[in-house]
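Input: a single structure, listed below in structure tokens.
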Amino acid sequence: MDHDGTHHLTATIAASVDLPSTLDGGQSFRWWGEAGGFRGVIGRRAYLIKSAVDAIVVDSVDGSPIRPNDVAAIERYLALDYDLKGFASRFAKDRGLGPALSAWPGIRILRQDPWECLVAFICSSCSNIPRIKLNVGSLATTYGDKVGPGARDHAFPNAVRLASAGELALRGLGLGFRARYVAAAAEAVSEGRLDLESLYALPYEEARDRLISLDGIGEKVADCALAFAFDKREAFPIDRWVRRALIEWYGAPERLSPEKVASWARERFGTDGAYVQQYLFHRQRLSARLPTRA
DNA sequence: TGGAAGCCTGGTGT
DNA sequence: AACACCAGGCTTC
């Protein structure tokens, strides 16, 4: 507990979270390393979050006090209510997940804003993390309200805002062919053809079908949004990395198409899917970067 | 119903 | 430094 005599500025949340892997590990593209922690915006508030022993410390970026509703927002965003320890003990001896769970015990699946998350993963199509961060950052700084003193302290623009920007302007920001899809999604949401809030209450398959009905949203993008924003833990996004992991460690048939591998994995892992996927992704991605392979 | 080409443009490696 | 080649996918043919 910090106390400087006059104001209570920061908040300490007792939870062990692997911040780099969670905030900068491919789920969200809105966090930037700063001062040994991460700086980013949740909703309309900019935060600086750092790791401590079995805890995270939350600070504002402008000296304003962190209040109980800030803490609630961060706990919700990090989905600290999920029983990660239970998941870890269920898979402790698992061939693919065991090593990943002991190497990175604190990776969380985020509960992001649905619209922001959906747009980010539309932008992820045929791209890479630095570029996705660039694109999403450009959208925020260009069209989102400024919510802090830093250049990147911008809220993510809502659908109405992006719809009025239009495809051409989004292309101008460097989104490339994804601009058309972001613009189309923005129109669908702002015109009420797609009600994102209503997807929370729908079963996984139905929510997924609703998302896929939009142009530029296929299985992978839909599953990412469902897992990282809509709390659908049976979503199992399959990309190159995860596909390779499923083949290498679980004997998934090598010739199966990505869609078939996805349903194979959903059947096998059920509501553990999202966390399984994230741990496999992390392990596969980081081990591929090691200079030597075991 | 399966498979391959094309899409924008910044990142990555040489 | 410049220049290929490629990328966490989707649509179309």
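Residue numbers begin at 1 in each chain, while the letters A, B, ... track the order of the sequences. Keep in mind that what you see is a predicted model, and the values were worked out from it rather than measured.
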Interatomic distance where CZ belongs to A:R178 and C1' belongs to C:dT11 [whole Å]: 14 Å

A:D239 CG to C:dC10 P, straight-line distance once rounded to whole Å: 11 Å

Sugar-phosphate, base or nothing in reach of A:R131, heavy atoms under 4.0 Å: base

Sugar-phosphate, base or nothing in reach of A:G26, heavy atoms under 4.0 Å: base

Identity of whatever pairs with B:dC7 - Watson-Crick or G-U, under 3.5 angstrom: C:dG9

Nearest-Å distance once atom C1' is located in both C:dT11 and B:dG10: 22 Å

Among C:dT11, B:dG2, C:dG8, the nucleotide that comes nearest once only the side chain of A:Y181 is considered: C:dT11

Carboxylate-amine/guanidinium proximity below 4.0 Å for A:R285 and A:D239: no

Ring center gap for A:Y47 and A:Y77 short of 6.0 angstrom: no

Sugar-phosphate only, base, or nothing, as touched by A:I212 at under 4.0 Å among non-hydrogen atoms: nothing

Pairing partner (Watson-Crick or G-U wobble, both distances under 3.5 angstrom) of B:dG13: C:dC3

Touch class at under 4.0 angstrom, heavy-atom based, for A:R171 against every strand present: sugar-phosphate

Length of the line joining A:L118:CG and C:dG8:P, which is rounded to integer Å: 19 Å

Chi angles and distances behind the side-chain contact (heavy atoms from CB on, under 4.5 Å) call for A:R152, A:R39: CA-CA 9 Å; A:R152 294 197 186 102; A:R39 181 173 182 149; over 6 Å; no

Distance between P atoms of C:dC5 and B:dG6 (Å, rounded): 15 Å

Between C1' of C:dC10 and CZ of A:R180, the distance in whole Å: 9 Å

Euclidean distance, atom CG of residue A:L175 to atom P of B:dG10 [Å, nearest integer]: 10 Å

Separation of atom CD in A:Q27 from atom C1' in C:dG8, rounded to whole Å: 13 Å

Sugar-phosphate only, base, or nothing, as touched by A:D215 at under 4.0 Å among non-hydrogen atoms: sugar-phosphate

Nucleotide C:dC6, atom P - distance to CZ of A:F177 in whole Å: 16 Å

Side chain of A:V221 - closest among B:dG10, C:dG9, C:dG8: C:dG9

Donor-acceptor pair present, A:S125 side chain and C:dG9 base, under 3.5 Å: yes

Between C:dC3 and B:dC8 - P atom distance, rounded Å: 24 Å

Protein-nucleotide distance (A:N128, atom CG; B:dG10, atom P), rounded to Å: 11 Å

Sugar-phosphate only, base, or nothing, as touched by A:K133 at under 4.0 Å among non-hydrogen atoms: nothing

Distance flag, aromatic centroids of A:F91 and A:Y279, threshold under 6.0 Å: no

Within 6.0 angstrom of A:R193 CZ, more than 12 heavy atoms from elsewhere: yes

Sugar-phosphate, base or nothing in reach of A:I122, heavy atoms under 4.0 Å: nothing

Smallest separation among heavy atoms of A:W249 and A:R95, with atom names: O-NH1, 3.2 Å

